[in-house]
Structure formats: C-alpha cells, structure tokens
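Below: one structure, written as structure tokens.
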Amino acid sequence: MNSQNADYTKRLSISDHDLIIQEVDDGDEEWTSCKESYQALVDDYRVLREKRKMVADVEAKLKKTCIDLKKKLSSYHNPKKEYMARIVSSFCDDTTDKLPSDENGFLLWVVIGKLNVRFGDYDLKIQYKKAYERFKLISNGLAVTVVLLTWFFHIPQIIMYSLLLWYYFTLTIREHILIKNGSKIKSWWLLHHYITIIITMLLLTWPPGDCYTQSHDVLMFSILMTSVIQLVQFFYQRKTIDRNIMMGKDNYLRTTNEGIRSKSMSDLVYIVPILIVLYIIQAYTSYRLFYSCFTGICTEYQVPILATLFMFLCLGNCRTLFQILRAKVKMAKAKQKMKQ
C-alpha cells in the first residue's frame, strides 16, 4: 500500500502538488509557513528550469552560428580577408571549446558514452583538476605501500596488479576529461599511460611458474622505483607549477604530468638524474625479459611483449627528455643573446 502511494505521488506534477497542499489549511501557523516556503521553492525551480532552457538555446545558437560562419569564411582568398577570417575562426574555436559537447573521443565514448564532460564554470574546472592531483598523490603513495607489502610480506600479487590497473585506467579517463576542459596534456603522456595499462594487464595474466619466479624481483623493483620516482616528480612539478602561476607564467589548469617545466638549472640538476635512473631501470627490465626469451627460460607470450613495451617506454621517455632539454638550452642561449 505504501509503495502504491509513493508511485502515485511521483506521478503527480508540481501543479497537482500545489492544489493538494493549498487544500490543506487548518489554521496552523507552522503549516502556513511551510506552504509559503514550498511555494517559493516551486517558483525558484520554475525560474531555474526556464533559464536553463534559455541557456541551452543560446548555446545551440552559438554553436550553429560558429559552424556557419567558418564555412562562409573558408571561401575567401583575399589576403586581408583571409587574415580576418583566421581571427574570426580562432574566436569561434575558442567559443565552441567552452560550450557543452558530447564528442568525447573513443575512450570516453566507450566508458561513459555521449555525455557532456565539459564544465561550464571555470571554478569547477579548477576543482576537478585539484581532485585529479589529489588522486595521483594518494594513489602513488598507496601503490608504494602495496608493492612493499607484496614484495616483503607476500600478500597476493593480484591485489597489487589490480590496483595498478585501476589506477592507470582511472588516471587516463580523468586526463581525457581534463583535456576536454582546457588542460594541455602532451600526447606522449597519454600514450605512456595506455602502454602502462597494457603492461599491467599482461602482468596480471602472467601465469605463475619458474619464468615468473625468476623475473619476480626485477619486476617488483621496477614497479616500486616507478611509483617512488612518480611521487618525487609529482612534488617537483607541483612546486614548479605553483611558482609559475604566482609569477603569471602559467594557468591553473596545468597538470603535473608534463615533464620538466622549470627554467632553473638547479631544479634541472635535481630532477634530470632521477628521471635518468628511472629510464635505466626500464631498459634493464626490458633486457632481463628479452634475455629470458632468447635463452629459452620463458615461453609465455607475455614475456616478449612486456620486454618490447618496457623498451618502448624507455626510448620514448629518453626522446621526450632530450627534446625538453634541447628546447631549454636553446631558450637559455636566446636569452643570453638578448642580454648582450
């Protein structure tokens, strides 16, 4: 009976509720106050619904106008008009980037479908970015703890691999949402996380045996050092980004996964050797896995794939590090010339 009354209540519209509440009038002052508060609530909700519809209509109009305007401007070939067309086109791109969109890319489409993940309010974008940073910090600290427990206290390794798989998959999803909201994340770091997801899946499905036992310590050391160095890199990048924001050289949506950002040589001396150690560990892990394949110790399909992926990560990281350092050296030389 109660469920039937609840279903009936849900089917009633706001106007129906209004009539029912207005009919109940027994002179109770508290009841009268509740009626007035309810009526104010209903009026505010109606206003909110109308304004939301108005905002949605304006957003759809803006999007359509930008699309039509860019099509018209693309037909101009006069140099002066082409220059103005580029300015207008850039403004249209900037405008549409701030409007709701259900074009989320393949990964977000697979996970959440065609939902708008673009926040209209800038403060919400900042809050989400800060939540992303907290998630990285807590998850990396937890990963270090779980790896140590797995290595020295022999808790089931499936717990560690499942945690790492969940972390990297969730991290990648959050990064795609950040990109949709204006954060600049280099494609290499996204690819890096995709590869790490595959590595974790292979480790999770690697069956126990002599081959895994022989590679166990190398893998544990590699995972542990990766998590520790990621923590060190997080604090380094967080400090650098905060300093750049205070100096007006960066924006609040900058994330802590974009390599070396500091222009101070003392900071580079501090972080570059740490990254080189990590890349050497990745190369050594790849070498040990390749050695196990070529000597016939390991016959599982996971081993050569893991060896290849670890080497790919090492080479990609070294290439990215070299490009960043070369760019900073060029920038330093250009500044010296300007001073002269």
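- With hydrogens and angles ignored, the 3.5 Å screen pairs no side-chain donor or acceptor of S227 with any backbone N or O of N140.
- In this structure the side chain of L289 reaches within 4.5 angstrom of the side chain of S215, judged on heavy atoms.
- Applying the 6.0 Å contact sphere to CD1 of I158 captures no more than 12 heavy atoms from other residues, nucleotides or ligands.
- Placement of L315 and F312 in two distinct hydrophobic clusters is found when ILVMFWY residues are connected by side-chain heavy-atom separations under 4.5 Å, directly or transitively.
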Practice task
Take S222 and Y284, measure what side-chain contact (heavy atoms from CB on, under 4.5 Å) needs, and give me the verdict at the end.
Solution key: CA-CA 9 Å; S222 177; Y284 179 72; over 6 Å; no

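- Relative ring orientation between Y168 and H193 is described as tilted, the plane-to-plane angle lying within the 30° to 60° band.
- The structure places OG of S292 at 11.5 Å from CG of D210, a figure rounded to the nearest 0.5 Å.
- Counting only heavy atoms from C-beta outward, the side chains of L325 and L321 approach each other to under 4.5 Å.
- Under the 3.5 Å distance criterion, the side-chain polar atoms of R118 are left unmatched by any main-chain donor or acceptor of P100.
- What you find for Q302 and P207 is that their closest heavy atoms are NE2-CD, 3.8 Å.
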Exercise for the section: Could you give me the CA-CA distance, side-chain angles and deciding distance for W151 and I223, then say whether side-chain contact (heavy atoms from CB on, under 4.5 Å) is met? Expected result: CA-CA 11 Å; W151 198 358; I223 295 170; over 6 Å; no

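- Less than 6.0 angstrom separates the ring centroid of Y167 from the ring centroid of F135.
- The residues K53 and D57 are annotated as salt-bridged, a charged nitrogen and a carboxylate oxygen being separated by less than 4.0 angstrom.
- Although no hydrogens or angles enter the test, the distance criterion places a donor-acceptor pair under 3.5 Å between the side chain of T200 and the main chain of T196.
- Under a 3.5 Å cut-off, the side chain of T150 and the backbone N or O of V146 do form a donor-acceptor pair.
- Taking CG from L165 and CE from M160, the interatomic distance works out to 12.0 Å, rounded to the nearest 0.5 Å.
- Hydrophobic clustering (ILVMFWY, side-chain heavy atoms < 4.5 Å, transitive): L163 and I138 are in distinct clusters.
- L278 and V218 end up in different hydrophobic clusters when Ile, Leu, Val, Met, Phe, Trp and Tyr side chains are linked at under 4.5 Å.
- Atom OG1 of residue T308 and atom CG of residue L306 lie 9.0 Å apart, to the nearest 0.5 angstrom.
- One distance of note links CD1 of I195 with CG of L191; it measures 4.0 Å at 0.5 Å rounding.
- Less than 2.5 Å separates the SG atom of C211 from that of C298.
- Ring geometry for F290 versus F294: interplanar angle under 30°, hence parallel rather than tilted (30 to 60°).
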Exercise for the section: Would you please test K70 and D93 for side-chain contact (heavy atoms from CB on, under 4.5 Å) and show each step? Expected result: CA-CA 9 Å; K70 288 178 72 174; D93 290 338; 2.6 Å; yes

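- Under the 4.5 Å side-chain heavy-atom criterion for grouping Ile, Leu, Val, Met, Phe, Trp and Tyr, M201 is connected to W166 within one hydrophobic cluster.
- Taking the six-membered ring where the residue is Trp, F119 and Y128 present tilted rings, their angle falling between 30° and 60°.
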Exercise for the section: Give the intermediate values and the outcome of side-chain contact (heavy atoms from CB on, under 4.5 Å) for residues N116 and K180. Expected result: CA-CA 10 Å; N116 174 45; K180 291 290 290 183; over 6 Å; no

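- For the atom pair R174 CZ and T172 OG1, the distance stands at 11.5 Å (nearest 0.5 Å).
- Cluster annotation: L231 and V272 are assigned to the same hydrophobic cluster (Ile/Leu/Val/Met/Phe/Trp/Tyr, side-chain heavy-atom contacts under 4.5 Å, transitive).
- In terms of modelled atom types and a separation under 3.5 Å, the side chain of T205 and the main chain of L202 share a donor-acceptor contact.
- In plain terms, the two heavy atoms of N181 and I177 that are nearest each other are ND2-O, 2.8 Å.
- When side chains are defined from C-beta on, Q233 does not count as touching I274, because their heavy atoms never get closer than 4.5 Å.
- A pairwise comparison of heavy atoms in Y161 and L204 identifies CB-CD1, 3.5 Å as the closest pair.
- Looking only at side-chain heavy atoms (C-beta outward), I281 and V277 come within less than 4.5 Å of each other.
- With rounding to the nearest 0.5 angstrom, the CG atom of L148 is 10.5 Å from the CE atom of M220.
- Remark: aromatic rings of W188 and Y194 are distant, center separation not under 6.0 Å.
- Looking only at atom types and distance, the side chain of E175 has a donor-acceptor partner in the side chain of Y132 under 3.5 Å away.
- Atom OH of Y287 has 12 or fewer heavy atoms from other residues, nucleotides or ligands within 6.0 Å.
- With 3.5 Å as the limit, one finds a donor-acceptor pair spanning the side chains of Q39 and D43.
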